[in-house]
2 protein chains.
Amino acid sequence: METIRSHTAVHALSALAQEHRLAIFRLLVQAGRTGLPAGQIAKQLDMPASSLSFHLSHLKKGGVVSDERDGRSIIYRADFQAMNRLMAFLLENCCEGDACAPADAK
Amino acid sequence: METIRSHTAVHALSALAQEHRLAIFRLLVQAGRTGLPAGQIAKQLDMPASSLSFHLSHLKKGGVVSDERDGRSIIYRADFQAMNRLMAFLLENCCEGDACAPADAK
DNA sequence: TCCATATTTCCAGTAATATCGAAATATAAA
DNA sequence: TTTATATTTCGATATTACTGGAAATATGGA
């Protein structure tokens, strides 16, 4: 797995660091590979189309979701690879190689 | 492992969603259980004491680091348990129980 | 072509966040 | 008790983010 840069991680994190966007992302996580069209997300989370669109583009720029047009809908999906890279980055080189605190903390 | 609430996750994520704070956090991750005094962090990342303090308190409020006074220094440590909870929350109930996309994406 | 549906872009107002010097606080050493 | 060190709080300013209605764009169906 390739490693990411710090500012890439910041973008991903700030994409997720907002109630609405986190809710959108988690909905997409649950939807899995199938994903969800924007309209479905708007309906399930009860938000105005313009707000949703604003947040979706933020999530996309942050690299944590992808989009694909399907007819007049646009399907959004969580990017699981990106998430795994982000998590690896957060705990990179942890604990100076000692008995690993993250692992023990589980 | 207990589960966290959405707004707890947002606080943790926005704590990490900033270049300086992410750098501080990753430094603390590398330091492991030992942690680092604020002054050491300031020196290694070359930032003004007031800025560092602002960011440290943000990280603390976000629950991703803890602090402990030691003489006139204050030792900061990454909270690995909190991180594990956060990561679990992000991928909660993924993929409707199908073959799991996050696992495959590794 | 003309209309309906799905989504995005634009805009302006409002709110939240980042910065860092100076002053304040807490602890330890002389 | 005076002085030095470590860190935080205050305050003013600058920047960035959030919101949602209205208009624009893209697609598909009649």
Side-chain angles (χ1 to χ4, degrees), chain A residues 6-28 31 34-79, chain B residues 6-28 31 34-79:
Chain A
S6 175
H7 91 267
T8 306
V10 169
H11 285 156
L13 288 164
S14 58
L16 296 169
Q18 209 275 345
E19 282 287 353
H20 291 316
R21 287 197 293 270
L22 184 55
I24 295 166
F25 179 77
R26 300 220 315 145
L27 201 60
L28 292 176
T34 313
L36 287 174
Q40 190 90 7
I41 300 171
K43 199 184 294 173
Q44 287 198 233
L45 299 181
D46 188 34
M47 27 183 1
S50 62
S51 292
L52 177 68
S53 185
F54 171 81
H55 289 303
L56 283 172
S57 82
H58 209 309
L59 287 166
K60 207 171 81 178
K61 274 183 200 159
V64 294
V65 310
S66 63
D67 65 341
E68 182 192 8
R69 181 172 277 280
D70 172 28
R72 41 188 158 181
S73 293
I74 295 180
I75 311 289
Y76 283 86
R77 294 185 182 86
D79 185 333
Chain B
S6 174
H7 90 267
T8 306
V10 169
H11 285 156
L13 288 165
S14 58
L16 296 169
Q18 208 277 345
E19 282 287 353
H20 291 316
R21 287 197 293 269
L22 184 56
I24 294 167
F25 179 79
R26 301 220 314 145
L27 202 58
L28 292 176
T34 313
L36 287 175
Q40 191 89 6
I41 300 171
K43 199 184 293 174
Q44 287 198 234
L45 299 181
D46 188 33
M47 27 183 2
S50 62
S51 292
L52 177 67
S53 185
F54 171 82
H55 290 302
L56 283 172
S57 82
H58 209 310
L59 287 165
K60 206 171 80 178
K61 273 184 201 159
V64 295
V65 310
S66 62
D67 64 342
E68 183 193 5
R69 180 172 279 279
D70 173 27
R72 43 189 155 180
S73 293
I74 295 179
I75 311 289
Y76 283 87
R77 293 184 182 86
D79 185 332

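Below, chain A is the first sequence line, B the second, and so on; all start at residue 1.
Shown for residues 19-28 of chain B: residues whose heavy atoms fall under 4.0 angstrom of DNA chain C, namely B:H20, B:R21.
In this structure, CG in A:L59 is found 9.0 Å from CG in A:L52, a value given to the nearest 0.5 Å.
We find that NZ of B:K61 is positioned 12 Å from P of D:dT8, with the value rounded to whole Å. Remark: P of D:dC18 and CG of A:L59 are 10 Å apart, rounded to the nearest angstrom. For B:H11 and C:dA16, the NE2 to P distance is 12 Å, given to the nearest whole Å. Remark: P of D:dA17 and NE2 of A:H58 are 6 Å apart, rounded to the nearest angstrom. Nucleotide C:dT5 holds its P atom 17 Å from the CD atom of A:Q40, rounded to whole Å. When the P atom of C:dC20 is taken as reference, atom CE of B:M47 falls 8 Å away, rounded to whole Å. Here D:dT7 presents its C1' atom at 16 Å from CD of B:E68, a figure rounded to the nearest Å. What separates CG of B:D67 from P of D:dT8 is a distance of 8 Å, to the nearest Å.
Across every non-hydrogen atom of B:L27 and B:Q44, the tightest pair is CD1-NE2, 3.7 Å. Scanning all heavy atoms of the two residues, the minimum distance from B:A17 to A:A17 falls at CB-CB, 4.4 Å. Among all heavy-atom pairs drawn from B:A15 and B:V64, the shortest one is CB-CG2, 4.3 Å. Nearest heavy atoms, B:L56 versus B:V65: O-CG2, 4.3 Å.
Residues satisfying the salt bridge (Lys or Arg N to Asp or Glu O under 4.0 Å) test with B:K60, not counting sequence neighbours, are B:D67.
No side-chain heavy atom of A:K61 sits less than 4.5 Å from a side-chain heavy atom of A:H11. The side-chain heavy atoms of A:P37 and A:D70, taken from C-beta on, include no pair separated by under 4.5 Å.
The nucleotide whose nearest atom lies closest to any side-chain atom of A:F54 is, among C:dA6, D:dT19, C:dT8, D:dT19. In this structure, the nucleotide among D:dT8, C:dT7, D:dC18 sitting nearest to the side chain of B:L56 is D:dT8.
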At under 4.0 Å between heavy atoms, how does the protein contact nucleotides 21-30 of chain D? Give one character per nucleotide, 5' to 3', with B, S or -. BB---SBSS-
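Between A:Y76 and C:dT8 there is a side-chain N or O to OP1 or OP2 distance below 4.0 Å. Taking 4.0 angstrom as the limit, B:Q18 places none of its side-chain polar atoms (N or O) nearer than this to OP1 or OP2 of C:dA16. Taking side-chain N and O atoms only, B:H55 has no distance below 4.0 Å to OP1 or OP2 of C:dT17.
The residue from B:L45, B:I24, B:I41 that alone fulfils the side chain to side chain contact (heavy atoms under 4.5 Å, CB included) condition with B:H55 is B:I24.
Residue-level contact check: B:S53 touches the bases, meaning some heavy atom is under 4.0 Å from a base atom. Residue B:A38 is classed as a sugar-phosphate contact, given heavy-atom separations below 4.0 Å to backbone atoms only.
Side-chain atoms of A:R21 come within 3.5 Å of backbone N or O of A:S14 as a donor-acceptor pair.
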